[in-house]
Amino acid sequence: MERTREILRRVLDHYRRGWRPEGSDPFRVLIRTILSQNTSYRNERRAFERLEREVGVDPWSLAEADVEEIASAIRPAGMFRERAARIKEAAQLVLEKYAGDLRGVLEKGFEEAREELMTLPGVGRKTADILLLFSAKKGVIPIDRHINRIAHRTGIVEGNAGYDEVRRRLEEAADEDQYLDIHLALIQFGREVCRARNPRCSECFLRDLCPTFQERQEKNAANEIGAAAGI
Ligand code: SF4
């Protein structure tokens, strides 16, 4: 736990003034999160802006629009046909079930709200948690692919730890009012330093705490000895 605290402290120190979410309207956060799945921040942003301009990001406009129109607007995000169908379906459901306003769901208790959000198309645990954190200030740290990778590499969790275990380990090691900053700072750290491919370990401020870095050092040293011995 102390090591996890120290990791989070350093990441927060480094990225405290990072990107902040623009607005907390739950429907817009939902659409933004659907667009962000498996795409870069830049492409997600472009797709969102085009959707805003060409269709409008509200349940009424999206429920009425043709799927093709939505798909064309969000093309920069990739997988645009599947995402467009999910976005339209989500908009229709939000209109039918909640009269276009998700705030009532977000006011429920954490577990109940999470389960209900996950009945919407394209909404899994991560998206539900993002909505609960960003739009309802609930005490949860959503785990995306960057955060999951960092937690495993730095030994915050081990082996096959799944989504909820990673989330709980991080939450236990931080104060609730830091959750949003931690979520954003870890994503930025994962994009810039602890990247999926070619992590920049030599420049990383977590080297002394990171078992993956230590394993790599030992492996390199063994390879060098092997090469010198002609093995
Ligand atoms: S030392 Fe390397 S693997 Fe470890 S956290 Fe830093 S970038 Fe990631």
Side-chain angles (χ1 to χ4, degrees), residues 1-21 32-33 35-46 77-79 124-130 132-134 138-228 231:
M1 170 88 96
E2 271 318 307
R3 213 171 54 84
T4 304
R5 279 188 205 282
E6 179 59 18
I7 289 171
L8 296 182
R9 192 190 63 72
R10 290 191 199 177
V11 174
L12 274 181
D13 272 359
H14 214 83
Y15 293 109
R16 194 172 286 281
R17 283 173 227 92
W19 172 79
R20 306 292 304 178
R32 184 124 199 189
T33 312
L35 290 175
S36 76
Q37 290 156 4
N38 299 315
T39 193
S40 67
Y41 173 62
R42 187 166 162 267
N43 288 341
E44 165 217 320
R45 196 184 170 98
R46 280 180 60 213
M79 297 187 327
R125 278 177 299 193
K126 182 191 81 174
T127 305
D129 289 347
I130 287 176
L132 289 164
L133 175 68
F134 284 38
K138 299 264 197 229
V140 60
I141 300 181
I143 307 300
D144 81 334
R145 65 190 193 283
H146 297 292
I147 301 178
N148 186 51
R149 180 175 69 249
I150 294 162
H152 280 85
R153 281 183 178 167
T154 56
I156 290 174
V157 292
E158 282 165 14
N160 298 326
Y163 182 97
D164 280 313
E165 189 174 345
V166 177
R167 179 173 77 77
R168 273 193 291 272
R169 289 284 180 87
L170 292 172
E171 288 168 8
E172 280 162 11
D175 295 333
E176 222 174 287
D177 61 359
Q178 297 177 307
Y179 287 1
L180 177 60
D181 283 329
I182 286 171
H183 172 79
L184 297 172
L186 283 171
I187 291 175
Q188 205 174 338
F189 176 62
R191 284 185 175 137
E192 293 176 5
V193 182
C194 194
R195 304 178 298 199
R197 269 183 252 156
N198 303 322
R200 297 162 69 187
C201 298
S202 59
E203 300 161 34
C204 179
F205 50 82
L206 296 180
R207 275 179 308 178
D208 58 315
L209 295 171
C210 179
T212 302
F213 176 72
Q214 281 146 23
E215 275 164 29
R216 284 181 185 181
Q217 291 287 93
E218 284 162 20
K219 213 165 154 189
N220 288 344
N223 286 344
E224 277 170 26
I225 292 169
I231 299 170

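All ligand and atom numbering here is 1-based and tracks the order in the structure. Index from 1, following the sequence.
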For [X] against [Y], the heavy-atom pair lying closest together:
| X | Y | value |
| --- | --- | --- |
| R195 | R153 | O-NH1, 2.8 Å |
| D208 | Q214 | O-NE2, 3.2 Å |
| K126 | Q37 | NZ-CG, 4.0 Å |

Quiz item: Tell me, which pairs form a ring pair (Phe, Tyr, Trp, His ring centres under 6.0 Å) where one or both residues lie in residues 162-181, sequence neighbours left out?
Solution: none
Quiz item: What do the steps show when you test E6 against R10 for salt bridge (Lys or Arg N to Asp or Glu O under 4.0 Å), and what is the final call?
Solution: CA-CA 6 Å; E6 179 59 18; R10 290 191 199 177; 2.9 Å; yes
Quiz item: Under 2.8 Å from atom 8 (Fe) of ligand 1, protein N/O/S atom count?
Solution: 1
Exercise. Would you confirm whether R207, through its side chain, and F213, through its main-chain N or O, come within 3.5 Å as a donor-acceptor pair?
Key: no
